[in-house]
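All values below were derived from every heavy atom in this structure, side-chain atoms included, with hydrogens, water molecules and symmetry-related copies excluded. The model shown is predicted, which means the values in this text are computed figures rather than measured ones. Starting from 1, each residue takes its place in the sequence as its number.
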Amino acid sequence: QAQLVESGGGLVQAGGSLRLSCAASGRSFSNYCMGWFRQAPGKEREFIAAISWSGSSTYYKDSVKGRFTISRDNAKNTVYLQIAGLRPEDTAGYYCARTTTWDRAMRSDYDYWGQGTQVTVSS
């Protein structure tokens, strides 16, 4: 069974940056589309970004364009989320997830999830 492990979160000051990582187990990582989500206390989980199996296609939630960058390194079985200009409202648990097709990624239909990494932004 696929296993996804996020890392890179922490406590940062507003205006700072972070790079979150999602390391995947298994030997078929490059066959899957990957996504990043976040969930703040008392709020619904929200989609952030998705990336195709090759990394050639990306899709972002409109509100994060320009600050969030998703990328992947298939040789390392890792997906990244670079966050710039962190704001207090970015405070949330951040989760990566896997899905099998681009269409499913666009529908936020993912079959495997990591346990998350916490990002806390102080003001």
Residues Lys61, Trp36; criterion side-chain contact (heavy atoms from CB on, under 4.5 Å); working and verdict: CA-CA 10 Å; Lys61 177 181 174 67; Trp36 281 97; over 6 Å; no

Taking [Y]'s backbone N and O only, do any of them form a donor-acceptor pair with [X]'s side chain (distance below 3.5 Å, no angle check)?
{"X": "Glu6", "Y": "Gln115", "value": "yes"}
{"X": "Thr58", "Y": "Ile51", "value": "no"}
{"X": "Thr91", "Y": "Thr120", "value": "no"}
{"X": "Arg104", "Y": "Thr99", "value": "no"}
{"X": "Tyr60", "Y": "Ile70", "value": "yes"}
{"X": "Asp109", "Y": "Asp103", "value": "no"}

Steps toward salt bridge (charged side-chain N to carboxylate O under 4.0 Å, His left out) verdict (Arg87, Asp90): CA-CA 5 Å; Arg87 306 166 181 172; Asp90 293 323; 5.3 Å; no

Do [X] and [Y] have side chains that get closer than 4.5 Å, going by heavy atoms?
{"X": "Trp113", "Y": "Cys96", "result": "no"}
{"X": "Arg98", "Y": "Cys33", "result": "no"}
{"X": "Leu81", "Y": "Thr69", "result": "no"}
{"X": "Asn31", "Y": "Trp53", "result": "no"}
{"X": "Glu44", "Y": "Gln39", "result": "no"}

What is the minimum heavy-atom distance between [X] and [Y], and which atoms define it?
{"X": "Leu4", "Y": "Tyr112", "result": "CD1-O, 3.5 Å"}
{"X": "Ala84", "Y": "Ser17", "result": "CA-CB, 4.1 Å"}
{"X": "Arg72", "Y": "Tyr32", "result": "NH1-O, 2.7 Å"}
{"X": "Ser56", "Y": "Ser54", "result": "OG-OG, 2.8 Å"}

Six-ring centre of Phe37, Arg45 cation under 6.0 angstrom, axis tolerance 45°: yes

More than 12 heavy atoms from other groups under 6.0 Å of NZ on Lys76: no

Say whether [X] and [Y] are linked into one hydrophobic cluster, either directly or through other cluster members, by side-chain heavy-atom distances under 4.5 angstrom.
{"X": "Leu86", "Y": "Leu20", "result": "yes"}
{"X": "Val12", "Y": "Tyr94", "result": "yes"}
{"X": "Ile83", "Y": "Val64", "result": "yes"}

side-chain contact (heavy atoms from CB on, under 4.5 Å) assessment of Cys22 paired with Met34: CA-CA 10 Å; Cys22 173; Met34 302 294 295; 4.3 Å; yes

Check against side-chain contact (heavy atoms from CB on, under 4.5 Å), Phe47 and Tyr110: CA-CA 11 Å; Phe47 167 80; Tyr110 291 78; 4.3 Å; yes

Tyr59 ring center within less than 6.0 Å of Trp102 ring center: no

Arg19-Tyr80 side chain donor-acceptor pair, cut-off 3.5 Å: no

